[in-house]
Amino acid sequence: MSLVQGYSSDEDDQFTTNLQQDAFNLAAVPLAKRLRVDNLSFNTNLQAAPHVLAEDPLNQTSLITRPTDTQMNVNIPYSDMTLPVQGPENPFGDRNRFLNQNALAGHVEEQAMTEHAFRTQHLTHSILGYSQNPSVDPLAPAILGSLGAAEANNYATLDSVRITHAKRKELKRRRKSKGDLDIVDGDNAYVGPWASWAGEEPVAVVPEGVEEAEDGESEPESEIATVKKAKPKRGAPGQETSVFHGKSMTDYQGRTYISPPLGEAPHLQSEPGSQESFIPKVCIHTWTGHTSGVSVIRLFPETGHLLLSGSMDTKIKLWDVYTHGNCLRTFHGHGKAVKDVTFSNDGRRFLSCGYDRYMKLWDTETGQCLQRFNNGKIPYVVRFHPDEDKQNIFLAGMSDKKIIQYDINSGEITQEYDQHLGPVNTITFVDENRRFVTTSDDKTIRAWDFDIPVVIKYIAEPHMHSMPAVTLHPSKKYFAAQSLDNQILVYSTDNFRQNRKKRFAGHSVAGYACQVGFSPDGKWISSGDGEGNVVFWDWRTGRIKSRLRAHSKVVIAHEWLPHETSKVVTASWDGLIKLWVRLKSLLFLVIVWIN
């Protein structure tokens, strides 16, 4: 009981007070380790309302605040808070703004429209300056924005406004003229696709710190700009030229180089193919003069005493074969590489075509360009009609899959053969020149009746490849096509069926349009390859008889001399043209020269 009596409520109160004052017993912690607390009293009393005065000492009857005030020190009755706004009216405000006001910010209506309608009105207002008022208020204006612009456009929205062609042409930016191609500097100088836009001339800006020249100082008079004309390109349309490389155009009898040299080669009057042919082995002459690869060579018709070559250096050269072996004339008439050349029947004219999209008719003797033809496409092959009465007609295989027939007399296109699905590579006349055969990059062979644009024979097999070179056999009964799968295929000229017994392979021509050749008697068939060789096959057995290492690059073209037993002319992408002969023939020539 003494313990109970000694325990009093005062001790409880004291313990509670001590616990509230030092709940964590911080007094027992040494002073050096005691946590520094500036104020250990925590006020946890919450105030439900901000501190305001209980009464209005200034007797304010309305709420008057300054813009910088952040709190109110008086309680304003609700009746005072809903009183109308007092003070002067804004003289610059819209006086008609609040006539039909139904909200604090103005007049508000609920409307529903599609997103397309909203975007149309929004773009119309942004671009044309007006839009339709969606309000249902009868007093509201029907158009918002510029009423004049709305009347000018007949109140149409942006999606229904159609600008006139004349207005569009007026607003369209215009480039300045490209200039004259012949003028290098000065007025109307050629600028080509770099011509500036009209109205975008550069403005001269004086940099800061640099004062303009005083009015008293007169600038020196500008010199009169002299117009410099560019040197016309050689071979451009209308600028065709030719250069004769001999001493005299005629000999002592008044004959030009067109006449065959019967004194040096009397056998030129004989029938081609009347003698037995042999395979050549030795190079006896090299024609040099082209600076790029030779793409095509053609011998003079019947006699073969002249050689015409077209090159990737854009030049066409005429070479002598039997006398001195020199270059007789150079023709400058194309702006890009020459693709094909072909003689007329008498050899006095020839056609050339190049990658500059021009076909040109030349005079072989004078070197004059007689006519030029162009239809905007690249010609890959040109051929005169072989008939004597149709020497005014030639065919051209184009890059746009068509064969174009031209009349030289009128200069017009007289027929179009349009059936191929790729660029046309070859044209070969067969069946006494009543028909012709064409090959294309579409890997097909098509036969046509002349002057009738309907295919009479269509040859296409899944295993066929493109045939970029075709040559007619001397017997006129077959034609051989160079296939890009490294073989030569033979077809008949009467029914256009393939002769499957005659297939010549063993050379590599993939990717090259190497010309196929026949000996004058038809005993040998030959072809160049991509490694610089000339391969000879026996026409009867189909076996390889010889492989002649001729050039360092692909042998793209070669021709057998029609009145010789073993002479072959080869042309390559190395820029050289070589004449090859059989060894026994060479010994015979040496003996003749010694004697």
Side-chain angles (χ1 to χ4, degrees), residues 235-240 242 258 296 298 300-302 308 310 316 318 331 333-336 338-420 422-440 446-457 470 472 476 493:
Q239 302 291 333
E240 297 88 355
S242 66
I258 294 294
V296 60
R298 291 285 184 266
F300 196 85
E302 301 297 335
L308 191 66
I316 303 170
L318 188 66
F331 303 84
H334 289 280
K336 294 185 179 180
V338 179
K339 183 64 175 69
D340 193 20
V341 293
T342 183
F343 277 108
S344 61
N345 283 2
D346 58 1
R348 295 190 174 275
R349 299 181 301 173
F350 70 89
L351 276 168
S352 67
C353 66
Y355 287 97
D356 58 354
R357 304 172 189 268
Y358 276 94
M359 295 160 282
K360 300 189 178 183
L361 180 66
W362 301 84
D363 189 299
T364 310
E365 185 174 2
T366 63
Q368 181 184 1
C369 181
L370 303 177
Q371 278 180 277
R372 60 189 69 88
F373 308 88
N374 175 271
N375 70 337
K377 305 299 179 182
I378 299 176
Y380 284 167
V381 57
V382 287
R383 287 290 181 272
F384 275 102
H385 193 286
D387 287 348
E388 290 294 337
D389 59 343
K390 294 184 177 65
Q391 286 296 287
N392 62 321
I393 296 174
F394 74 91
L395 302 181
M398 313 302 291
S399 61
D400 62 346
K401 317 170 191 177
K402 295 180 182 179
I403 301 109
I404 307 297
Q405 179 177 316
Y406 281 95
D407 187 352
I408 295 177
N409 296 336
S410 64
E412 300 294 333
I413 297 175
T414 58
Q415 190 61 269
E416 285 189 1
Y417 306 85
D418 185 11
Q419 290 291 330
H420 276 292
V424 180
N425 294 322
T426 65
I427 300 174
T428 308
F429 282 89
V430 297
D431 192 17
E432 297 181 355
N433 307 326
R434 293 191 296 256
R435 299 172 178 174
F436 63 92
V437 178
T438 59
T439 62
S440 168
R446 299 172 196 251
W448 315 73
D449 279 326
F450 177 73
D451 213 13
I452 300 176
V454 178
V455 175
I456 61 173
K457 185 67 175 180
V470 173
L472 195 64
K476 310 295 184 183
T493 57

*Asks:* I'd like to know if the side chain of Thr342 and the backbone of Arg383 have a donor-acceptor N/O pair within less than 3.5 Å.
*Replies:*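 Absent.
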*Asks:* Restricting to non-hydrogen atoms, name the atom on Val430 and the atom on Thr493 that form the minimum distance, rounded to 0.1 Å.
*Replies:*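 That closest heavy-atom pairing would be CG1-CG2, 3.8 Å.
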*Asks:* Once you round to the nearest 0.5 Å, how far does CD1 of Ile258 lie from CG of Leu318?
*Replies:*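 Reported value, rounded in 0.5 Å steps: 7.0 Å.
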*Asks:* So, does Asn374 use its side chain to make a donor-acceptor pair with the main chain of Gly376 at under 3.5 Å?
*Replies:*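 Flag set: sc Asn374 to bb Gly376 pair under 3.5 Å.
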*Asks:* Is the closest side-chain heavy-atom distance between Thr438 and Arg446 below 4.5 Å?
*Replies:*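 In short, these two side chains touch, coming nearer than 4.5 Å.
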*Asks:* For a 4.5 angstrom cut-off between non-hydrogen side-chain atoms, does Asp387 reach Phe429?
*Replies:*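 The answer is no; the side chains never approach within 4.5 Å.
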*Asks:* Can you see which heavy atom on Gly397 is nearest to which on Val424, and at what distance?
*Replies:*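 Taking Gly397 first and Val424 second, the nearest heavy atoms are CA-CB, 3.8 Å.
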*Asks:* Report yes if the side chains of Arg435 and Lys457 come closer than 4.5 Å at any heavy-atom pair, otherwise no.
*Replies:*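 Result no, sub-4.5 Å side-chain heavy-atom pair not found.
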*Asks:* For Gln391, look at atom CD and say whether over 12 heavy atoms of other residues, nucleotides or ligands are found less than 6.0 Å away.
*Replies:*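 Count over threshold, so yes.
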*Asks:* Roughly how far apart are Ile404 CD1 and Asn375 CG, rounded to 0.5 Å?
*Replies:*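 One finds 5.5 Å between CD1 of Ile404 and CG of Asn375.
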*Asks:* Would you say the side chain of Ile316 lies within less than 4.5 Å of the side chain of Val341, judging by non-hydrogen atoms?
*Replies:*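 Contact flag for Val341/Ile316 side chains = yes.
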*Asks:* Can you list the residues that meet the salt bridge (charged side-chain N to carboxylate O under 4.0 Å, His left out) rule with Arg349, with sequence neighbours excluded?
*Replies:*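 Per chain and number, Arg349 pairs via salt bridge (charged side-chain N to carboxylate O under 4.0 Å, His left out) with no residue.
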*Asks:* With a 4.5 Å limit on heavy-atom distance, are the side chains of Val455 and Trp448 in contact?
*Replies:*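 Yes, their side chains come closer than 4.5 Å.
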*Asks:* Distance from Glu432 atom CD to Lys476 atom NZ, nearest 0.5 Å?
*Replies:*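 It comes to 11.0 Å.
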*Asks:* For residues Asp407 and Asn392, determine if any side-chain heavy atom of one lies less than 4.5 Å from a side-chain heavy atom of the other.
*Replies:*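 Yes, side chains in contact.
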*Asks:* Over 60° means perpendicular and under 30° means parallel, so tell me whether Phe436 and Tyr417 are parallel, tilted or perpendicular.
*Replies:*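 Ring orientation of Phe436 relative to Tyr417: perpendicular.
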*Asks:* Can you find a heavy atom in the side chain of Tyr380 that is under 4.5 Å from one in the side chain of Ile378?
*Replies:*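 Answer yes - side chains close enough.
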*Asks:* Looking at Ser242 and Phe331, would you say the former's side chain and the latter's main chain have a donor-acceptor pair under 3.5 Å?
*Replies:*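 No, Ser242 side chain to Phe331 backbone: no donor-acceptor pair under 3.5 Å.
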*Asks:* Do any N or O atoms from the side chain of Asn345 and from the backbone of Pro386 form a donor-acceptor pair under 3.5 angstrom?
*Replies:*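 Judged by distance alone, yes, a pair lies under 3.5 Å.
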*Asks:* Looking only at heavy atoms, which two atoms of Gln415 and Asp451 are closest? And how far apart?
*Replies:*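 For Gln415 and Asp451, the tightest heavy-atom pair comes out as NE2-O, 3.3 Å.
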*Asks:* Please check: side-chain N/O of Thr414 versus main-chain N/O of Gln405, any donor-acceptor pairing under 3.5 Å?
*Replies:*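 Confirmed, Thr414 side chain pairs with Gln405 backbone.
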*Asks:* Give the minimum heavy-atom separation between Ala396 and Val382, together with the two atoms involved.
*Replies:*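 In terms of heavy atoms, the two residues are closest at CB-CG1, 4.0 Å.
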*Asks:* Taking atom CD1 of Ile408 and atom CG of Leu361, what is their separation to the nearest 0.5 Å?
*Replies:*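 So the gap between those two atoms works out to 5.0 Å.
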*Asks:* Write down the atom of Ser352, the atom of Trp362, and the distance for their closest heavy-atom approach.
*Replies:*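 That would be OG-NE1, 2.9 Å.
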*Asks:* Within this structure, what is the CG-NZ distance for the pair Asp418 and Lys401, rounded to the nearest 0.5 Å?
*Replies:*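 The NZ atom of Lys401 is 8.5 Å from CG of Asp418, to the nearest 0.5 Å.
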*Asks:* For Lys390, I'd like to know if atom NZ has over 12 heavy atoms of other residues, nucleotides or ligands within 6.0 Å.
*Replies:*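 Yes, enclosed.
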*Asks:* Within a strict 4.5 Å, meaning less than it, do heavy atoms of the Phe394 and Met359 side chains meet?
*Replies:*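 SC-SC contact between Phe394 and Met359 confirmed.
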*Asks:* With a 6.0 Å cut-off on ring centres, are Tyr358 and His334 close enough?
*Replies:*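 When the ring centroids of Tyr358 and His334 are compared, they turn out to be at least 6.0 Å apart.
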*Asks:* Could you grab the distance from atom NE2 of His420 to atom NZ of Lys402, nearest 0.5 Å is fine?
*Replies:*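 Interatomic distance, His420 NE2 to Lys402 NZ, rounded to 0.5 Å: 13.5 Å.
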*Asks:* Give the minimum heavy-atom separation between Cys353 and Pro379, together with the two atoms involved.
*Replies:*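 For Cys353 and Pro379, the tightest heavy-atom pair comes out as CB-CG, 3.5 Å.
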*Asks:* In terms of the angle between their ring planes, are Phe343 and Phe350 parallel, tilted or perpendicular, with boundaries placed at 30° and 60°?
*Replies:*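 Perpendicular, since the angle between the ring planes exceeds 60°.
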